[in-house]
Visitor: 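I'd like to ask some things about the structure below.
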Amino acid sequence: MEQTSFSRLSTRATDDRSFLETEAALEKAGRVEDLIRLYEGRGKEVPAPDAARLLTRAADLVMERLRNPARAEELLRRALLMAPDPGPVLRGLKTLYEAKQDVASLAEVLERLGELTPGAEGAAFYVKAAELYETKLFRRDRAVSCLQQAARAAPERTTFRRLRQVLVSEDRFQAAFEALESEREALGLEGMADEYAAFA
């Protein structure tokens, strides 16, 4: 089928059946650019949650097939404005920023994923964000905030220890002692004698 035929198909893909038929035809023919335009066009005709999914799918194609990070980011940013559940879009942005090595944007996305994700998985996002803030962006204040959130989401000795290390490196000894007390309250006193001795 010629390109003009695909263009006519995509402009008529305004209901579910014709959309699916057009999508399948474009995929089979390997017409990536037309498929991306189909998703963008269809996204204007459907409710916001569906539009967010379509834009995210378009962004995946832009990254994987066209290798155009800037355009993929623009699509994902649009999707983020519409998505009732921003988690999948943020994960797409996380992958994008990792590939681009955009540390500042990656740290912000990891922090947002930490906010949205309960338990140990959310804590892991916060810990990774804290590492970037401390070692790459030199924002120890943000590192402290992320480690505090991680310790609340899933209390772990290693998280509390890292939090205290960052606080002590900033000469925030009272805050470090308070973090020690929070660890005791969350995880018990066992194995903490040396930690308390350091503050004696």
Side-chain angles (χ1 to χ4, degrees), residues 1-133 136-137 142 146 149-150 153:
M1 188 178 288
E2 295 179 355
Q3 184 170 1
T4 53
S5 299
F6 280 113
S7 297
R8 285 196 298 271
L9 262 178
S10 62
T11 58
R12 291 200 306 267
T14 55
D15 59 69
D16 289 341
R17 182 175 176 181
S18 64
F19 169 75
L20 293 172
E21 289 172 354
T22 305
E23 180 184 36
L26 293 171
E27 284 179 343
K28 185 176 180 180
R31 301 301 299 255
V32 178
E33 189 61 56
D34 286 326
L35 189 55
I36 292 164
R37 281 199 294 268
L38 174 71
Y39 292 148
E40 288 186 274
R42 181 66 170 157
K44 297 173 183 175
E45 306 292 332
V46 296
D50 295 327
R53 281 192 291 273
L54 289 166
L55 290 174
T56 301
R57 199 181 306 171
D60 290 341
L61 282 173
V62 169
M63 271 298 290
E64 292 169 11
R65 303 288 293 279
L66 301 184
R67 307 291 183 193
N68 186 337
R71 186 176 174 195
E73 181 178 7
E74 186 267 331
L75 288 164
L76 287 169
R77 288 289 180 189
R78 284 166 52 196
L80 195 58
L81 296 173
M82 302 181 211
D85 173 13
V89 183
L90 288 170
R91 288 172 191 272
L93 283 167
K94 173 181 173 290
T95 301
L96 173 70
Y97 292 138
E98 286 171 340
K100 288 175 62 179
Q101 298 184 332
D102 183 343
V103 178
S105 296
L106 176 58
E108 290 178 8
V109 165
L110 287 167
E111 203 170 351
R112 288 194 65 187
L113 282 167
E115 292 170 11
L116 292 170
T117 312
E121 187 181 3
F125 286 130
Y126 275 125
V127 169
K128 180 62 178 172
E131 180 183 341
L132 294 177
Y133 281 127
K136 303 289 186 183
L137 300 169
R142 296 289 292 272
C146 286
Q149 294 296 332

Visitor: Please determine whether salt bridge (charged side-chain N to carboxylate O under 4.0 Å, His left out) holds for the pair Glu27 and Arg57, giving the CA-CA distance in whole Å, both sets of side-chain angles, and the decisive distance to 0.1 Å.
Guide: CA-CA 13 Å; Glu27 284 179 343; Arg57 199 181 306 171; 6.0 Å; no
Visitor: Just to verify, what does Asp50 make a side chain to side chain contact (heavy atoms under 4.5 Å, CB included) with, not counting sequence neighbours?
Guide: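 Only Val46, Pro47, Arg53 meet the side chain to side chain contact (heavy atoms under 4.5 Å, CB included) criterion with Asp50.
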Visitor: Are Leu54 and Leu38 packed together at the side-chain level, in the sense that at least one heavy-atom pair is separated by less than 4.5 angstrom?
Guide: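 No, every pair of side-chain atoms sits at 4.5 Å or beyond.
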Visitor: Go through the steps to decide whether Glu23 and Arg42 satisfy the test salt bridge (charged side-chain N to carboxylate O under 4.0 Å, His left out), and finish with yes or no.
Guide: CA-CA 11 Å; Glu23 180 184 36; Arg42 181 66 170 157; over 6 Å; no
Visitor: Starting from the C-alpha separation in whole Å, work towards a yes-or-no answer on salt bridge (charged side-chain N to carboxylate O under 4.0 Å, His left out) for Glu73 and Lys100.
Guide: CA-CA 11 Å; Glu73 181 178 7; Lys100 288 175 62 179; 3.1 Å; yes
Visitor: Are the side chains of Glu111 and Tyr133 in touch, meaning some heavy atoms are under 4.5 Å apart?
Guide: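 Yes, close enough: below the 4.5 Å cut-off.
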Visitor: State, yes or no, whether a side-chain contact exists between Tyr39 and Leu61 at a heavy-atom distance under 4.5 Å.
Guide: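 They are in contact (side-chain heavy atoms under 4.5 Å apart), so the answer is yes.
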Visitor: Within a strict 4.5 Å, meaning less than it, do heavy atoms of the Leu66 and Glu33 side chains meet?
Guide: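 When only atoms from C-beta onward are counted, Glu33 and Leu66 do touch, with a gap below 4.5 Å.
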Visitor: Are side-chain N/O atoms of Tyr126 and Glu115 paired as donor and acceptor at under 3.5 Å?
Guide: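 Short answer, no.
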Visitor: State, yes or no, whether a side-chain contact exists between Met63 and Thr95 at a heavy-atom distance under 4.5 Å.
Guide: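 A side-chain contact is absent here, since even the closest heavy-atom pair is not under 4.5 Å.
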Visitor: Test Glu131 against Lys136 for salt bridge (charged side-chain N to carboxylate O under 4.0 Å, His left out), laying out the working first.
Guide: CA-CA 8 Å; Glu131 180 183 341; Lys136 303 289 186 183; over 6 Å; no
Visitor: Any side-chain heavy atom of Pro69 within less than 4.5 Å of one from Leu96?
Guide: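 The answer is yes, as the side chains (C-beta and beyond) meet within the 4.5 Å cut-off.
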Visitor: I want to check something: taking the side chain as every heavy atom from C-beta on, are Leu110 and Leu132 in contact at a cut-off of under 4.5 Å?
Guide: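 Leu110 vs Leu132: side chains touch.
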